[in-house]
Amino acid sequence: MKFPFLKGETLKEPVKADIIKAWFWTEKGLYLLDQRKLPLEEKYLFCDNLNKIRNAIKKMIIRGAPAIGICSAIGFVIEFKNFLSSLKGEEFPLHKVEEEIGKISNLLVTSRPTAVNLSWAVSKMRKISLKFLENFKEKIKRTELQELYKLLEKEALKIWEEDIEANLTIAEYGKSILPEGGVLTHCNTGALATGGYGTALGIIRKLYEKNKIKIYINETRPFLQGARLTAWELYKLKIPYTLITDNSAGFFMKKGEISAIIVGADRIAKNGDTANKIGTYTLAVLANFHNIPFFVAAPSSTFDLGIESGEKIPIEIRSPKEVLTCYKSKIAPSKSKAYNIAFDITPGELISAIITEKGIIYPPYNENIPKIIKIS
Ligand code: MRU
């Protein structure tokens with residue numbers, strides 16, 4: 001068996017799960033591929049409670065907007081099961097269950113601030129729970145809570161499955177508009193960052209099937225999602241790529257090597273302003289200067305139509321340590337100061353089109369996004 005730690009455990013996963021496994025979900029818990037250690041080690045970390053899953057999201061053991069949304073939904077199910085096991089007796093006060101649902105939701109939603117997929121997924125799980133609990137007054141039986149558990153499990157699997165479906169559709173749409181030639185991507189938007197297949201990297205996978213492209217990956221300092229994760233995924237898929245340093249992107253654009261740039265997103269405001277991995281904005285400005293199309297690929301769960309513009313998107317600031325070290329080795333003098341901004345905002349006017357599973361959205365975004373994206 002390829003994954004000996006899973007011996008005897010039954011997997012919970014959609015039929016179309018990717019061959020690259022960012023996690024395994026079984027009746028015992030969630031095994032997360034530790035993305036901090038890739039590509040040097042392929043180790044799965046076992047999480048069987050909310051704290052462990054929350055911590056894994058915070059520490060970026062699992063990362064990428066859709067992936068942290070799906071894993072939060074799974075975390076919700078796991079913690080609800082733990083809560084059920086902790087209850088003594090056969091009937092319980094309803095308010096106790098409602099309080100627990102609130103606690104689980106709050107802890108998950110606050111694990112990372114920028115990607116809206118996280119709160120989108122948790123809010124789906126919370127709504128299902130509260131709707132189910134509306135059928136009861138004051139007390140609820142264990143058997144009824146077990147019914148709710150089944151509903152939650154089904155919903156988490158649905159969120160996961162729909163994300164894979166969305167990615168496959170995004171890849172088809174992307175294939176239809178990306179020009180031939182060199183394509184540059186930033187960060188990691190593949191199977192490691194989603195339910196499977198990937199958004200921007202999914203399009204690249206699809207384009208490669210036709211062999212029309214040369215793939216460039218920005219290394220993506222400081223966490224090196226490009227060098228460590230995107231390169232690892234393409235290596236696993238036997239797709240050739242060229243890794244470049246973030247600060248050489250302009251050089252390759254000027255040389256005419258890049259025909260298009262495609263990135264993912266963590267949150268897209270109503271006017272098309274897009275939060276994505278730090279460095280995305282720089283790429284968009286450079287693309288604009290060199291007249292190169294700049295595309296964003298994201299599922300509808302990444303849109304936040306309650307936010308008019310990017311100014312309102314919360315930007316995560318991470319530990320300076322990530323800038324000052326690389327693989328735990330110091331790369332700057334002791335006591336150096338560093339500022340580690342994890343995301344930036346690319347204004348909608350620099351984005352040629354946003355590729356979603358609902359269709360390709362072109363400017364003006366203020367008008368066109370609400371026509372296509374209806375958040376459930
Ligand atoms: O900090 P990360 O690695 O979670 O940031 C990830 C990104 O910025 C991705 O581009 C984004 O989440 C889209 S993943 C399909």
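Numbers here are sequence positions counted from 1. All ligand and atom numbering here is 1-based and tracks the order in the structure.
The cluster map of Ile, Leu, Val, Met, Phe, Trp and Tyr, joined by side-chain heavy atoms under 4.5 Å apart, puts Tyr241 and Tyr208 in the same cluster.
We find the OH-NZ distance between Tyr31 and Lys43 to be 15.5 Å, quoted to the nearest 0.5 Å.
Every side-chain contact (heavy atoms from CB on, under 4.5 Å) that Pro370 has, sequence neighbours left out, goes to Lys270. Here Lys52 pairs with Cys47, Asp48, Asn49 under the side-chain contact (heavy atoms from CB on, under 4.5 Å) rule; sequence neighbours left out. For Pro293, the side-chain contact (heavy atoms from CB on, under 4.5 Å) partners are Pro179, Ala260, Phe295, Ser352, not counting sequence neighbours.
A heavy-atom cutoff of 4.0 Å around ligand 1 is satisfied by the protein residues Met60, Arg63, Gly64, Ala65, Pro66, Arg112, Cys187, Asn188, Thr189, Ala193, Thr194, Thr199, Gln225, Ala265, Asp266, Asn276, Lys277, Phe343.
Of the listed residues (Thr185, Asn218, Asn188), just one forms a side-chain hydrogen bond (donor to acceptor under 3.5 Å, both in side chains) with Thr230, and that residue is Asn188.
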